[in-house]
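For clarity, every value in this text was computed on a predicted model and none was experimentally measured. Below, read A as the first sequence line, B as the second, and so on, with proteins coming before strands; counting in each chain starts at 1.
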Amino acid sequence: MSHLELEIQSLYRQRPRNHFVIWSGALLLTLMISSWFIGDFHISDFLSERHLTNLSRFLGELVPHPMHDQPFSLTLTIGWVGELLWENGLAATGVTLAISVAAIVLAGSLGALFSLPAARNFMAPDPFVASLSESRQGWGLLWSAAMWGTRAFLIFARAIPEYLWAFLFLAILGPTAAPAVLALALHNLGILGKLGAEVVENTESSGLSALRGLGASRLQISLAGLFPLTFSRFLLFFFYRWETCVREATVLGMLGIVSLGYWIQDARARNHYDEMFFLVLLGAFLVLIGDLISALAREIVRRYS
Amino acid sequence: MGGTSGADSIQPVSLRRGMGLRRILILIILGAGLWAFIQLNLTPADLIPNPGGLQVAGKFFSRALSPALTYEAEFVPANTQPLLWKAIQAAGTTVVFAAAAMSLALVAGLILGFLASTAWWVGDPAGGRSATVVFLRRSVAPIIYGSTRVLITLMRSVHELLWAVLLLAAFGLSHLSAAVAIAIPFGGTLAKIFAEMIDEAPRDVAEAYRGSGASSTQVYLLGLLPRALPDMIAYAFYRFECALRSSAILGFFGYPTLGFFIAASFENLHYGEVWTYLYTLFFLVTVVDWWSGALRKRFAV
């Protein structure tokens with residue numbers, strides 16, 4: 001073997017490999033393939049003759065109903081769209097938007113608050129100061145217990161999906177917008193709290209430990225040091241989560257809160273598929289607008305901070 | 001410049017602008033929040049349940065630390081499986097739905113993500129300098145790229161539950177339509193993120209391959225894609241976690257995932273059972289959450 005080949009071989013042996021990643025990928029792949037054998041999925045559920053006639057009937061019913069027995073006309077379409085928007089489309093879009101905004105503002109302010117006690121360096125016995133001996137007794141133990149408690153709460157809050165929280169709150173609070181707002185806020189509080197804690201933990205801490213050295217309290221450090229240092233990054237997450245809030249707020253209506261989902265479910269129950277489809281498109285449009293605003297806001301934050 | 005006074009030129013403009021922007025943003029956000037609460041007629045009083053709701057809340061939350069281990073119903077048919085076994089089965093079904101959906105979403109995400117990235121037709125990795133290739137890159141490629149972007153956006157902007165409603169109306173209730181309902185928006189999201197990851201992956205290896213005379217396909221498949229792959233795997237895991245939640249929720253539409261049993265137990269006032277299922281879901285999601293977190297940490301080398 002030539003010298004070059006030997007060198008190539010030794011380089012090949014030294015290539016960076018990550019067994020954990022490879023095995024995780026392999027496991028996910030196995031799981032995905034075996035799910036088709038374990039589960040009850042049959043392609044005939046889509047492609048059998050009965051389902052295809054069902055599909056073509058459904059597609060036929062998507063045609064706006066004024067045009068069922070006459071050719072397409074633009075004026076009729078516009079009239080039909082206007083009527084739907086005026087009846088409940090616009091109001092429901094407003095409610096959907098308001099639910100998402102109320103929820104994200106709530107989740108954002110609480111999440112910023114909760115991110116502090118969930119951050120390891122903030123809850124150290126001496127915050128932001130790398131102590132030589134980690135004290136594991138007395139106050140130190142109490143601080144870390146509070147941190148794990150906060151983390152456990154945040155994990156649970158985000159593990160349960162918004163829709164499920166809303167279902168539970170609805171039974172307790174009755175059919176106002178409150179359960180939807182609370183459910184969205186709770187789930188996103190779990191996510192923003194965790195992401196915020198990561199931001200706090202990754203913050204350049206020399207300035208913060210200097211503050212501590214001057215005798216600043218945790219409150220003073222967070223207001224004077226942490227807040228300006230972490231605000232813009234937290235804001236990026238805030239807008240990113242708002243996008244998902246808009247998406248979810250639409251759907252929560254299906255539980256009986258008068259956002260878009262409520263009227264989608266209502267149209268489905270009355271078998272007015274044309275109406276249902278229009279409202280789904282309206283929801284998609286709202287999501288698109290939300291994504292655009294969020295992308296714009298994030299770009300501004302990125303550029304000017 | 002001549003007209004400005006001395007005091008103006010000393011002012012640290014960029015710092016002032018940063019402060020101002022932060023203040024403005026906070027005010028806008030709080031103002032939007034206020035508008036939302038007024039629009040919804042939400043007052044603190046809405047957060048206080050009526051006596052009936054309070055009773056439900058009390059009974060429900062009092063079981064938080066004592067989830068049921070056996071059925072709470074007074075009459076349980078003789079051949080019913082134990083509650084815990086049923087919870088495990090429901091968790092298994094939730095995983096199966098999520099995994100099936102993810103497999104469809106990944107295939108769609110990889111294909112659409114490739115088409116929606118710019119690396120295959122803009123810049124060096126795309127390669128190819130013959131007249132036909134250049135012509136194709138300037139004419140056909142942007143059209144494919146653009147229409148894929150539109151398709152991805154359409155897939156993403158309709159929520160998986162709404163896809164489920166549409167597919168239910170179109171094909172009727174089948175397990176396949178549940179998997180497809182999750183797969184459509186997830187495929188769109190994966191495609192969008194994959195495209196960004198491919199485009200932002202380091203080009204070092206690709207350029208080295210190009211320099212040593214590799215073909216475009218070789219540059220792309222061996223130089224570019226492997227650099228983006230770890231990020232893509234980690235993101236796929238994160239989406240799998242999301243798919244688990246969505247799959248659980250589809251139970252509300254009658255599929256035998258965890259959501260179905262949570263809703264049924266809650267409506268039968270068997271709150272202990274609800275917590276059993278909730279903790280099962282919590283466990284499931286947290287394991288995958290931990291896993292994807294560990295994966296991401298491994299890459300940060």
Distance (rounded to the nearest 0.5 Å) between [X] [atom1] and [Y] [atom2]:
| X | Y | atom1 | atom2 | value |
| --- | --- | --- | --- | --- |
| B:F252 | A:L255 | CZ | CG | 6.5 Å |
| A:F58 | B:L167 | CZ | CG | 8.0 Å |
| A:M32 | B:L106 | CE | CG | 4.5 Å |

Among [options], which has the most heavy-atom pairs under 4.5 Å with chain B?
| options | answer |
| --- | --- |
| A:L182, A:I155, A:V280 | A:I155 |
| A:T176, A:L288, A:L164 | A:L164 |
| A:I264, A:V251, A:V105 | A:V251 |
| A:F285, A:F169, A:F156 | A:F156 |
| A:G25, A:A178, A:S100 | A:A178 |
| A:T250, A:I99, A:V258 | A:I99 |

- request: Keeping the roles fixed (side chain from B:R245, backbone from A:R158), state whether a donor-acceptor pair exists under 3.5 Å.
  value: yes
Select one option (side chain, backbone, both, neither) describing which atoms of [X] are under 4.5 Å from chain A's heavy atoms.
| X | result |
| --- | --- |
| B:E267 | side chain |
| B:Y255 | neither |
| B:I28 | neither |
| B:F283 | neither |
| B:L25 | side chain |
| B:W35 | side chain |
| B:F282 | both |

task: For residues B:L166 and A:Y273, determine if any side-chain heavy atom of one lies less than 4.5 Å from a side-chain heavy atom of the other.
output: no
- prompt: Does any non-hydrogen side-chain atom of A:D291 lie less than 4.5 Å from one of B:R156?
  reply: yes
